[in-house]
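All values derive from a computational prediction rather than experimental measurement. Per chain, numbering begins at 1; letters A, B, ... match sequence-line order.
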Amino acid sequence: MKYWLMKSEPESYSVDRLAKEGKTFWEGVRNYQARNFMMNEMKKGDKILFYHSNTAEPAVVGLAEVCAEECVPDFTSWDKSSRYYDPKSPKEKPRWFMTEVRFVKKLDKPVTLKDIKNMPGLEGMKLVRKGMRLSVQPVTAEEYAVILEMAGEKA
DNA sequence: GCCAACGTTGGC
DNA sequence: GCCAACGTTGGC
């Protein structure tokens, strides 16, 4: 099993919305590296840290799980009215794919970016590496465990 | 294949 | 709103 961190802007799709809807397609990824992680390495049951980005207090705010066997074409890339529309991703030959994510829980105590930066043992996290902007990124089992502990969650 | 211009991400 | 870092595009 693998561990991941997935970013979402709360204005766009918040942890509360995921909690309400139960699960969601992870649409809108328009970066090859992030797409490849979803397509090639994510497996059903993988654990996800749900992260709020581009907000006053960026933080890991919830837990989720990959709930799809495999990726499907991201249909928002065909939708002209979508902000994710991409004319270079035709239906016959889709360029962008997405997985599906299931809500697990909201953290009572979100783990902020600031806390992560100050936490010994998390220096290597991709999240805190300069210039790392991937919206879907792998996390090690150790990093995942430390984050959970910081949140006061049992592993 | 190089690289300048441009667009996006995301912390601050 | 600023801006650094990075990715993509497209002319050559």
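- Closest to the side chain of A:Arg133, from the set B:dC12, C:dT9, B:dG7, is B:dG7.
- A donor-acceptor contact under 3.5 Å is not formed by the side chain of A:Arg30 with the base of B:dT8.
- Rounded to whole Å, the distance from CD on A:Glu11 to P on B:dG11 is 14 Å.
- Atom-to-atom, OH of A:Tyr84 to P of B:dT9 comes out at 8 Å; the value is rounded to the nearest Å.
- Heavy atoms from other residues, nucleotides or ligands lying under 6.0 Å from CD of A:Glu123 number more than 12.
- Going from atom OH of A:Tyr32 over to atom P of B:dG7 covers 18 Å, rounded to whole Å.
- If you take NZ of A:Lys7 and C1' of B:dG11, they are 10 Å apart, rounded to a whole angstrom.
- When each of A:Glu69, A:Glu70, A:Glu100 is tested with A:Lys44 by the rule salt bridge (Lys or Arg N to Asp or Glu O under 4.0 Å), just one qualifies, namely A:Glu69.
- The shortest distance between side-chain heavy atoms of A:Lys20 and A:Asp16 does not fall below 4.5 Å.
- Between A:Gln137 atom CD and C:dC6 atom P there is a gap of 14 Å when expressed in whole angstrom units.
- For A:Asn31, the listed nucleotide lying nearest its side chain is C:dG7; candidates were C:dG7, C:dT9, B:dG10.
- A side-chain donor-acceptor contact under 3.5 Å links A:Arg30 and A:Thr76.
- Relative to the side chain of A:Lys88, the nucleotides B:dG11, B:dT8, C:dG10 differ in distance, and C:dG10 lies closest.
- Taking atom CG on A:Asn118 and atom C1' on B:dG11, their separation rounds to 15 Å, with Å as the unit.
- Here the P atom of nucleotide C:dA4 and the NZ atom of A:Lys130 are 10 Å apart, to the nearest Å.
- Both A:Gly131 and A:Asn54 lie near DNA chain C, and the one whose nearest nucleotide falls closer to the 5' end is A:Asn54.
- When heavy atoms are screened at a 4.0 angstrom cut-off, A:Lys117 is found touching the sugar-phosphate backbone but no base atom.
- A 4.5 Å side-chain heavy-atom check between A:Lys105 and A:Glu153 finds at least one atom pair inside the cut-off.
- Regarding A:Leu113, its CG atom lies at a distance of 18 Å from the P atom of B:dT9, rounded to whole Å.
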